[in-house]
Amino acid sequence: MTKYITILLLLTSLAYSLSIEDYLEIAEKNNPSLRSAFYKYKSHVQHENASGYLPDPVIGVGYSISPIETRLGAQSGKIAIKQSLPWSVLTDDEENIAKYSVNSSMSDYKDVREKVFFQIKKVYYKIYSNTKEIQYTEKILKNYVSLSSIKDQNISVSKTSLTSNIMFENKYDTMKEKLIQLKSDLEHLNYKFNLLLNRDTDMIVEIPDSLTIPPIIPNDQANGKLSNNSLESISYLIQKKNYEIKSAERKRFPTFSIGMDYVFIDERTDMIVDDNGKDAFIASVSMNLPINFRKTGSVIKKKTLEKKALEYKKFSEENSLLTNINRTKKNIDDLIRKLKLKVKIIKRYESIIEIEQQNLETDGSSIEKLIKFINDKYSNLIQSEKLRSELSIAYAYLDLISTTTYDSVKKQNNHAEEINHENN
C-alpha cells in the first residue's frame with residue numbers, strides 16, 4: 001500500500017510544476033520589499049480613517065489659590081471644557097488630503113510590486129536561458145567525445161590530422177571550462193531567485209521545456225494614454241497638494257470655539273444671602289484671529305512651490321518614460337527579427353545534417369564535418385534560447401513601465417504568434 005502511495009505522490013509531483021505566475025504569487029506573499037510597501041500603504045489607510053473629525057475637546061481644572069469673593073461666596077475652583085469648531089471645509093480638506101495620500105501610497109505599492117515581479121521574471125528567464133545553454137553544451141561535448149573516439153581508431157595519422165587533434169583538444173577543454181562556469185552561474189541565479197521569493201535558497205527552480213513569447217494583452221488603460229504606477233502616484237500627490245493649498249488659504253479666516261466652565265462656590269459665613277454657596281455655570285465663545293499673515297502666506301507659497309515641483313517631476317518622468325518605451329519597442333523589434341533569422345538558420349542546419357547523414361551512408365563523407373554541422377546547430381539553438389529569454393525580459397520591462405495602445409499590441413501579438421508557430 002505504501003508503495004502505491006509513493007508512486008501516486010511521485011506522479012502528482014511530476015504532473016504539477018510551478019509556473020512563473022505561481023512564483024509571482026509566492027513573492028507577493030513573502031518578498032520583504034513588497035511587505036514593507038504594503039504596511040506603509042496600510043499605515044496611510046489608518047491615517048485616512050482618523051481624518052475628517054473635529055479636534056479633540058480640551059478639559060481643564062483650576063484651583064483658586066487666592067479665592068475671589070462673590071456675592072454668593074468665594075470661588076474655590078473650576079472645571080472647564082472647550083471645543084474648537086473649525087469650518088467644515090477644513091475637515092473636508094483634511095479628509096481629501098488623507099484620501100489622496102492613500103491613493104498615492106497604493107500606487108507606490110503597485111509600483112514596488114511590479115518592479116519586484118520584473119526582477120523575478122528577469123532572473124527566471126535567465127535561469128531558463130542558462131539551463132538550456134548547459135543542456136546544449138553537454139550535447140556538444142558528447143559530439144566531441146564521439147569524434148575523439150573515431151579519431152583514435154585511425155591507424156595512420158598525417159601531420160594535418162595531428163594539428164587537427166591538438167585544435168580539437170583545445171576546443172574540448174574550452175567547452176568543459178565553459179560548462180563549469182555555466183553551472184556556477186546557474187547556481188548563483190537560483191540563489192538570487194529564491195532570495196527574491198524569501199524562501200530556502202536550496203530549493204529547485206522549475207522552468208518550462210520551452211519558452212513561448214508572451215503576447216501583450218491590452219487592458220482597460222490601453223487607449224494611448226501615457227500612464228504607469230509611478231506617474232499615477234505623482235498625480236495623486238499633485239491632487240493632495242491642491243487640497244493642502246486650499247486648506248492653508250482657509251486658515252486665513254478666524255475659527256471659533258465654545259466652552260463651558262463649572263465654578264465651585266464656597267458658602268458665606270458672614271451673612272445670609274439667597275442661593276448661598278450655589279455653584280455657577282459660565283458659557284463662553286472665543287475666536288481665533290490669524291493675524292500672522294506672513295506666516296500663512298509663506299505656508300501657501302511653500303505648498304504652491306511643492307506642487308510645481310511635482311508637476312515638473314511628472315513631466316520629466318513622462319519624457320523618460322517615452323524614451324524607455326521607444327527604446328524597448330525598438331529592442332523588441334530587433335530581437336524578434338534576430339530570432340526569426342535564427343529559426344530559419346536552425347531549419348537550414350537540420351536540412352544540411354539530413355543531407356550529410358545520407359552522404360555518409362552512400363559515399364563515406366567525413367563524420368567530422370557532420371559533427372561540426374550538428375555542433376553549429378546546437379550553437380544556434382543556444383543563441384535562439386538567449387534571444388527568447390531577452391525578448392521575454394523586454395516584454396516584461398515594457399509591461400512594467402507603461403501601458404500600450406491597441407494597435408501596437410496587435411502588431412506585437414502578430415510577431416509573437418509568427419515566431420511561436422515557426423518554433424513548433
Side-chain angles (χ1 to χ4, degrees), residues 13 16-51 97-131 182-208 211 214 217 219 221 227-237 240 310 313-314 316-317 320-321 324-325 328 389-390 392-403:
S13 63
Y16 175 75
S17 60
L18 294 176
S19 64
I20 182 62
E21 288 77 17
D22 296 324
Y23 286 127
L24 294 180
E25 287 183 8
I26 295 172
E28 191 164 16
K29 297 176 182 178
N30 298 338
N31 182 270
S33 298
L34 270 178
R35 302 315 298 166
S36 174
F38 175 74
Y39 285 118
K40 182 179 179 181
Y41 157 71
K42 293 295 287 184
S43 70
H44 283 87
V45 171
Q46 294 304 316
H47 179 261
E48 182 187 21
N49 293 337
S51 64
I97 289 169
K99 180 183 74 174
Y100 282 106
S101 180
V102 169
N103 292 341
S104 176
S105 180
M106 170 52 77
S107 296
D108 289 339
Y109 166 73
K110 290 190 292 184
D111 188 47
V112 172
R113 182 184 63 186
E114 294 305 316
K115 287 178 179 177
V116 169
F117 283 2
F118 172 69
Q119 291 177 358
I120 292 171
K121 290 177 182 179
K122 187 176 181 180
V123 178
Y124 179 82
Y125 293 132
K126 285 185 176 181
I127 289 174
Y128 170 86
S129 174
N130 189 285
T131 302
L182 286 171
K183 290 181 177 180
S184 176
D185 294 342
L186 180 60
E187 184 179 350
H188 172 70
L189 288 171
N190 285 333
Y191 183 85
K192 182 178 180 180
F193 186 85
N194 286 322
L195 281 182
L196 286 170
L197 270 61
N198 196 27
R199 65 177 191 173
D200 188 354
T201 54
D202 293 329
M203 294 188 70
I204 297 174
V205 180
E206 301 176 18
I207 61 168
L211 197 61
I217 302 175
N219 54 29
Q221 291 181 328
S227 176
N228 66 5
N229 292 318
S230 179
L231 289 175
E232 190 178 64
S233 176
I234 297 174
S235 296
Y236 285 132
L237 289 177
K240 176 184 173 183
L310 286 171
K313 180 180 179 181
K314 182 181 178 182
S316 175
E317 290 206 10
S320 178
L321 181 58
N324 289 335
I325 290 174
T328 305
S389 173
E390 292 175 10
S392 297
I393 292 172
Y395 273 111
Y397 182 68
L398 187 61
D399 186 53
L400 164 69
I401 62 175
S402 70
T403 55

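Sequence positions, counted from 1, serve as the residue numbers for this chain.
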Next on the checklist: If you apply the rule side chain to side chain contact (heavy atoms under 4.5 Å, CB included), what do you find for Val45 with Met106, and how did you get there?
Outcome noted: CA-CA 9 Å; Val45 171; Met106 170 52 77; over 6 Å; no
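- For the residue pair Tyr128 and Pro208, the shortest heavy atom distance occurs at CE1-O, 3.5 Å.
- When all heavy atoms of Thr201 and Asn194 are compared, the closest pair comes out as O-ND2, 3.1 Å.
- Note that the OG atom of Ser235 and the NZ atom of Lys314 stand 3.0 Å from one another [nearest 0.5 Å].
- In terms of heavy-atom proximity, Thr328 sits nearest to Asn324 at OG1-O, 2.6 Å.
- Rounding to the nearest 0.5 Å places CD1 of Ile393 at 12.5 Å from CG of Leu400.
- For the 3.5 Å distance criterion, the side chains of Ser389 and Lys126 fail to qualify, holding no donor opposite an acceptor.
- Heavy atoms only, all atoms of each residue included: Leu189 and Val123 are closest at O-CG1, 3.6 Å.
- Counting only heavy atoms from C-beta outward, the side chains of Leu186 and Leu182 never approach each other to under 4.5 Å.
- To the nearest 0.5 Å, atom CD of residue Glu25 and atom CZ of residue Phe117 are 8.5 Å apart.
- Using cut-offs of 30° and 60° for the angle between ring planes, the Phe38 and Tyr41 rings count as tilted.
- Looking at Ile207 and Tyr125, their side chains never come closer than 4.5 Å, going by heavy atoms from C-beta outward.
- Although no hydrogens or angles enter the test, the distance criterion places no donor-acceptor pair under 3.5 Å between the side chain of Asn229 and the main chain of Ser107.
- Atom CG of Leu197 and atom CG of Asp22 lie 10.5 Å apart (nearest 0.5 Å).
- The backbone N or O of Glu187 sits nowhere less than 3.5 Å from a side-chain atom of Asn190 that would complete a donor-acceptor pair.
- Annotation: Lys110, atom NZ; neighbour count of heavy atoms from other residues, nucleotides and ligands within 6.0 Å is above 12.
- Looking at every heavy atom in both residues, Glu317 comes nearest to Leu231 through CB-CD2, 3.8 Å.
- Other residues, nucleotides and ligands place more than 12 heavy atoms under 6.0 Å from the NZ atom of Lys121.
- We find the NZ-CG distance between Lys192 and Leu195 to be 10.0 Å, quoted to the nearest 0.5 Å.
- In this structure, the side chain of His44 engages the main chain of Lys40 through a donor-acceptor pair within 3.5 Å.
- Here OG of Ser230 is found 6.0 Å from NZ of Lys115. Values are rounded to the nearest 0.5 Å.
- The aromatic rings of Tyr236 and Tyr100 sit tilted, their planes meeting at an angle between 30° and 60°.
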Checklist entry - Would Glu206 and Tyr23 count as a side chain to side chain contact (heavy atoms under 4.5 Å, CB included) if you check the C-alpha gap in whole Å, the side-chain angles of each, and the deciding distance to 0.1 Å? => result CA-CA 10 Å; Glu206 301 176 18; Tyr23 286 127; 3.6 Å; yes
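- Applying the side-chain contact (heavy atoms from CB on, under 4.5 Å) test to Asp108 and every residue at least two apart in sequence or in another chain returns Ser104, Ser233.
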Checklist entry - Is there a side chain to side chain contact (heavy atoms under 4.5 Å, CB included) between Val205 and Leu18 once you walk through the steps? => result CA-CA 8 Å; Val205 180; Leu18 294 176; over 6 Å; no
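- The main-chain N or O of Asn198 is never found under 3.5 Å from a side-chain atom of Asn30 such that the two would form a donor-acceptor pair.
- In this structure, Leu34 and Tyr109 approach most closely via the heavy-atom pair O-CE1, 3.6 Å.
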